[in-house]
Amino acid sequence: MMDTTLTESASAASRAAADAPRGPDGGAELYRARRERVLAALRAQGGGVALVPTAPEVLRNRDADYPYRHDSYFYYLTGFTEPEALLVLDANAGENQPSSILFCRAKNVERETWEGFRFGPDGAREAFGFDAALPFDDLDTQIPRLIANRPALHYALAASERFDAQVKRWIDAVRAQARGGTTAPAAAYDLIPLLDDMRLIKDAHELDTMRRAGDISALAHVRAMQTCRPGMHEYEIEAELLYTFRKHGAQSPAYGSIVAAGANACVLHYPAGNAVARDGDLILIDAACELNGYAADITRTFPASGRFTSAQRELYDIVLAAQQAAIDATRAGVNFEAPHDAAVRVLAQGLLDTGIIDKTRFASVDDVIAERAYARFYMHRTGHWLGMDVHDVGDYRERGTPGAQADAPPPWRTLRAGMTLTIEPGLYVRAAEDVPERYWDIGIRIEDDAIVTETGCELITRGVPVHADEIEALMQDARRGA
Ligand code: GLY
Ligand code: MN
Ligand code: MN
């Protein structure tokens, strides 16, 4: 790294400005309409001011930060990716007052020479369609002014000690003016449930971005299958994934890539490590990119040699059938649990058929399910919401709907068109004396991303083969140089 005491270079700053982004991905109107929805909802709740900060920069060590990633809620409402920014939505603004106000970093030729282009308040207001924009450094003087005489605050309540403390300081500053007749907000509400419900149903722009993230991620898995040879390290295969993400314009992986050879596949969150993929091993890859703020999430499991052994193939086909059952159960109108139940039934039957679960101990697949005997080999759920965050926001159960009994959980959420989720069953068989040896150390997961539709679901990650025969054919073709 260079030392930051060197003097400014105006020409470098203007070059950076020439490459600068022109505005939000998808156009300012998209984000303005989302802000209007929030404002309308706040007005319906009696008004108040919403405060939505972006994420802080995080120091990695000494002068080096972790790669910066904006806050997803903030991005959803602004499309703005610079650090040190905060959105204010004032539901009590009068006709000629701004209701949508951005705080962002001021223009600064010297800092831009080192760190790159900043929109600055004027540029951001124009390019992103805010009613007003102010310098981030003025927050402590401006926010007390903006929240004075407003009935309530709406923000991510108790999500960040740092932000809670900042809000308290702003409220204190308003209270300090009480003798002048100014009143501080009398209530604070959690803004997050409203934003989560909005984020849960993706709009056309989001779905388009997610399809593209899925396509790029699928290409990365294809490349990993094509380049994999026995003797490669897990990290070499990871390198093929990361290369493909960036090569196709994705900004980063959406989460830490899992590349697990052999028995490592039975460790659910195993990161890509130093192990060598041996002939006869399966390799489980759970990796995908983030594109323009949206995640994909794909898992494929394939043989390092290019050919499944018969035991691997048996389990692979059970997991694939379980995934198909879950896919068939995914459509608008069913509950979130339906795909999981469908997958579990197929997996439980497969565990009985293979003798991994002792048939003499269970009268039927229903007993395996009732006693959760499958959970030793399938210990996670079949899916999760997917969106800007890989484990995206949104309740999995109906909020505010009590169960039949007072202490029962509320019912599972009903799927609706435009929701996006993963479908990712697996089987993880560790070596154990009560399990047939041929299945020892086999870990398999198959994960695709789905958009819920009225009649079913659209799989957006099938650019990479999923059937065992197709995976083998792809790998054989690559070895022949086809
Ligand atoms: N990659 C994280 C997950 O599959 O949930
Ligand atoms: Mn997942
Ligand atoms: Mn995954």
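Just so you know, ligand 1 is whichever comes first in the structure, and atom 1 is the first atom listed for that ligand. Everything numeric here is computed off the predicted structure, so don't read it as measured data. Note: hydrogens, waters and symmetry copies are ignored here, and every other heavy atom, side chains too, is used.
Counting protein heavy atoms only, atom 5 (O) of ligand 1 is closest to H391 NE2, 2.6 Å. At the top of the distance list for atom 3 (C) of ligand 1, counting protein heavy atoms only, stands D297 OD2, 3.3 Å.
With hydrogens and angles ignored, the 3.5 Å screen pairs no side-chain donor or acceptor of W385 with any backbone N or O of L200. H154 places no side-chain N or O within donor-acceptor distance of the main-chain N or O of L191, the cut-off being under 3.5 Å.
Of all the atoms in ligand 1, the ones that sit under 4.0 Å from a non-hydrogen atom of E447 are 4 (O). Of all atoms in ligand 1, listed by their number and element, those nearer than 4.0 Å to a heavy atom of D286 are 1 (N), 2 (C), 3 (C), 4 (O).
Draw a line from the Mn ion (ligand 2) to NE2 of H384 and another to OE2 of E447, and the angle between them is 130° (to 10°).
Side-chain contact, E238 with H233: no donor N or O sits under 3.5 Å from an acceptor N or O.
Looking at D297, its N, O or S atom nearest to the Mn ion (ligand 2) turns out to be OD2. When the Mn ion (ligand 2) is compared with the N/O/S atoms of E424, atom OE2 turns out nearest.
Between E424 and ligand 1, at least one N/O pair is under 3.5 Å apart.
Note on ring orientation: taking the six-membered ring where Trp is involved, the planes of F308 and Y316 are tilted (angle from 30° to 60°).
Heavy-atom contacts from other residues, nucleotides or ligands closer than 6.0 Å to CD of E29 number more than 12.
F117 has its ring centre less than 6.0 Å from the ring centre of F119.
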